[in-house]
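This report refers to the structure that appears directly beneath it.
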Amino acid sequence: MFRIILTLLLLFSVSCSKNDIDRADNTPNKGEQNDNNGNNNNDDNTGGNENNPGDENDKPIEWGDERSYVFDLSSLPEVRMTISLDEWNRMLSEYDKDNNTKEYFHCDVDMKIKGESHIVTDAGVRLKGNTSRRRPEGGNGSHVKDNADWQHCHFQFNFRKYNKDEEHTIRGIRKMYLKWFKDDAAYCREIYCYDLFRRFGVWTAIENCYCRLWIHVEGDTKPAYYGIYEMNETVDDTYLKMRKDKFGSHKGNLWKCNWGASLNYDRDKNASMGESDGSYDPVYEVEEINSDLSVAKSQLLHFMKQLRDLKGQQLHDWLGQAIDINLLLRTYAVNVAVGMWDDYWNNTNNFYIYFNSTDPANYKFYLIPYDYDNTLGTSHNCGVQNDSGRHDALNWGNSDVSPLLAKILQFDDYKKIYIDALKELCSSNGHFYYTTSIARIKSWHSMISNYVDNDTDEDTKIKDRPAGWGNHSEYRLWESTDANTNWFRVRAASMPK
């Protein structure tokens, strides 16, 4: 009898422990509670900060191989979004009131990856883009049933916007950004650039791949096929958590740097720094901070001031301590090789920065590459440039305006890292070499070419042309291998010898 009673007690104890674990697994992370209107005040920011550090047991989702599973360039995920007529009309109405709206709308998402279906009910979707933002349905007013004028536009999904549980992720991924190939008839520029970053060991580059997109407004006879899209990882708290071992910490301060962000103390000491609310877009926009805003600002200004004030060996040593120099210069070697003129150095635009600490004077600084669609021969008269194919890689921008790279490259040992990286990229065995680059692009095209035609009647064919508004229409990626017109050959010939 005693053994029977003891066995029952042990079973009861195990059962109670399991229930406690189940309840803990289903408890939303701190920092994710909704406000009274059902909205997420911090847009699914699951991190804490020094004043509210969050639950020590709130461990980030460990992707392992999950990123490579979802963002796999050898596969072609199918994304089907279903949205009610009321929510679609609300999206159109919000856009008409403010075409920069950051409002989210309820939808369901069914994503098929390698034959496996991942369904997220009641996800959030919003419009994205800066100058490229568009109304997803042409005209004005409400949706036209079964006869809509569909228009390509960018979308962002937040799967956990309204429901904070693991069922509202796709293999642990909470958000993703779907971009149409605006001004890129070649359907490959940003795909190529991020792939090149990753091949070259630049682990700060986001994951991305191709996908196919359908949108079904409920009540329509059939969904609209939007065609081939680019599916991008977002740069946010989850991005940091997935790289925390490389950054050293995911509890630092992340800024999105908009046009005018020069990291030049004399220019930017009074620049706008803070959170964007839709009507206000600061130059240095808070993406994720784990300290008071005033402390985060002090840290950012400290970096700029050190960059300005330190000289000689003192500057050299501080740069080596405060920056992963090898990573930054390999990042910039790719940036310059692909002809990214709308960047930090030339146009004070399109990058993120991350400080891996909240200490105002003790941190590691990282520059995160971002927005690479205007590259690979889409050249423009901008900054100091008029031909991104032949411009000097050692003087890519105006260093009096944007001093960071010039400050680094004045030192011979750092300059050698940069030049060696450029040579490595462009060598006959390098990832940028024209024959291997053309082969990669053609392999992607063989996967997507049958699916490019779409219901928007826009961008229905793959063409080897740079953007029509560019200033060098002669550049080609694969149609020509001529030394004067093939982008990869022209760019490689312009590199330091």
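The analysis underlying the following values was restricted to heavy atoms, covering all of them including side chains, and did not include hydrogens, waters or symmetry mates. In this chain, residues are counted from 1 in sequence order.
- Side-chain contact annotation: D237 with H250, donor-acceptor N/O pair under 3.5 Å absent.
- We find that E458 and R134 are joined by a salt bridge, their nearest charged nitrogen and carboxylate oxygen being less than 4.0 Å apart.
- Side chains of S480 and D482: no donor on one and acceptor on the other come within 3.5 Å.
- Remark: R135 fails to qualify as a cation-pi partner of Y95 under the 6.0 Å distance and 45° angle criteria applied to the six-membered ring.
- To the nearest 0.5 Å, atoms CG (L329) and CG (L422) are separated by 9.5 Å.
- Note on D464 versus R476: no salt bridge recorded, every NZ/NE/NH1/NH2 to OD/OE distance being 4.0 Å or above.
- What you find for G397 and V384 is that their closest heavy atoms are CA-CG2, 3.7 Å.
- Checked by atom type and distance alone, the side chain of W341 pairs as donor or acceptor with a backbone atom of T378 at under 3.5 Å.
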Could you go through the side-chain contact (heavy atoms from CB on, under 4.5 Å) check for K222 and H216 one step at a time?
CA-CA 7 Å; K222 63 179 183 177; H216 187 198; over 6 Å; no
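- No hydrogens or angles considered: a donor-acceptor pair under 3.5 Å links the side chains of D342 and N349.
- Side chains of R440 and S443: a donor-acceptor N/O pair is absent below 3.5 angstrom, by distance only.
- A donor atom on one side chain and an acceptor atom on the other are found under 3.5 Å apart for H302 and Y363.
- For the side chain to side chain donor-acceptor pair (under 3.5 Å) criterion with K179, the lone passing option out of N208, N232, D371 is D371.
- A donor-acceptor pair shorter than 3.5 Å cannot be found between the side chains of N429 and S427.
- Exactly one residue among V235, L367, D236 makes a side chain to side chain contact (heavy atoms under 4.5 Å, CB included) with Y352. That residue is V235.
- One side chain, D387 or Y475, offers a donor N or O that lies under 3.5 Å from an acceptor on the other.
- Neither side chain, K461 nor S449, offers a donor N or O lying under 3.5 Å from an acceptor on the other.
- For the residue pair S276 / D281, a side-chain donor-acceptor distance below 3.5 Å is found, with atom types taken as modelled.
- Centroid-to-centroid, the aromatic rings of Y366 and F247 come within less than 6.0 Å.
- For the atom pair NE2 of H118 and CD1 of I173, the computed distance is 9.5 Å after rounding to the nearest 0.5 Å.
- For the residue pair Y194 / E207, no side-chain donor-acceptor distance below 3.5 Å is found, with atom types taken as modelled.
- Scanning both residues, G377 and P466, for their nearest heavy atoms gives O-CB, 3.5 Å.
- Among the candidates W345, Y372, Y344, the single residue satisfying the side chain to side chain donor-acceptor pair (under 3.5 Å) test with N335 is Y372.
- Note: F181 and Y210 meet the aromatic proximity criterion, with ring centroids under 6.0 Å apart.
- Aromatic ring centroids of Y229 and W180 lie 6.0 Å or more apart.
- For the 3.5 Å distance criterion, the side chains of N471 and S379 qualify, holding a donor opposite an acceptor.
- Of all the heavy atoms in H445 and A186, the pair that sits closest is NE2-O, 2.7 Å.
- Note: K407 NZ to S399 OG = 10.0 Å, rounded to the nearest 0.5 Å.
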Go through it in stages, so that I can follow the logic: the residues are Y332 and D343, the test is side-chain hydrogen bond (donor to acceptor under 3.5 Å, both in side chains), and I'd like the CA-CA distance, side-chain angles, deciding distance and then a yes or no.
CA-CA 10 Å; Y332 239 88; D343 66 337; 2.7 Å; yes
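- Side-chain contact check for D183 and W469: at least one donor-acceptor pair (N or O, by modelled atom type) lies under 3.5 Å.
- In this structure, R174 fails the cation-pi test against F159, since its NZ or CZ atom is not both closer than 6.0 Å to the six-membered ring centre and inside 45 degrees of the ring normal.
- To the nearest 0.5 angstrom, T348 atom OG1 is 10.0 Å from N258 atom CG.
- Taking both residues in full, the closest heavy atoms of S142 and L92 are given as C-CD1, 4.2 Å, listed atom of the first, atom of the second, then distance.
- Shown here for V286 and I289, the closest heavy-atom pair between the two residues is CG1-CG2, 3.8 Å.
- By the 4.0 Å N-to-carboxylate-O rule, E424 lies close enough to R330 to be salt-bridged with it.
- Look at D195 and R199 and you find a salt bridge, because one of the NZ, NE, NH1 or NH2 atoms lies within 4.0 Å of a carboxylate O, short of that distance.
- Paired with E233 under the rule salt bridge (Lys or Arg N to Asp or Glu O under 4.0 Å), one option of R243, K175, R198 passes, and it is R243.
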Please lay out, stage by stage, how R90 and E103 fare under the test side-chain contact (heavy atoms from CB on, under 4.5 Å).
CA-CA 10 Å; R90 192 165 71 86; E103 181 80 10; 3.1 Å; yes
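- Side-chain atoms of S132 and H154 form a donor-acceptor pair, as typed in the model, at a separation below 3.5 Å.
- Expressed to the nearest 0.5 Å, how far SG of C188 lies from CG of D373 amounts to 11.5 Å.
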Step by step, work out the side-chain hydrogen bond (donor to acceptor under 3.5 Å, both in side chains) result for E287 and Y354.
CA-CA 10 Å; E287 194 65 34; Y354 177 61; over 6 Å; no
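- A salt bridge links D266 with R308: the closest approach of a Lys/Arg side-chain nitrogen to an acidic carboxylate oxygen falls below 4.0 angstrom.
- In terms of heavy atoms, D96 sits closest to G141 at OD2-N, 4.1 Å.
- Ionic pairing of R212 and E78 is present here: one or more N-O contacts between side-chain nitrogen and carboxylate oxygen are shorter than 4.0 angstrom.
- With 3.5 Å as the limit, one finds a donor-acceptor pair spanning the side chains of S437 and Y192.
- Separating the CG atom in N374 from the CD atom in E190 is a distance of 9.0 Å, to the nearest 0.5 Å.
- By the 4.0 Å N-to-carboxylate-O rule, K102 lies too far from E275 to be salt-bridged with it.
- A ring-centre distance under 6.0 Å is found for F488 and F432.
- A side-chain donor-acceptor contact under 3.5 Å links H143 and E137.
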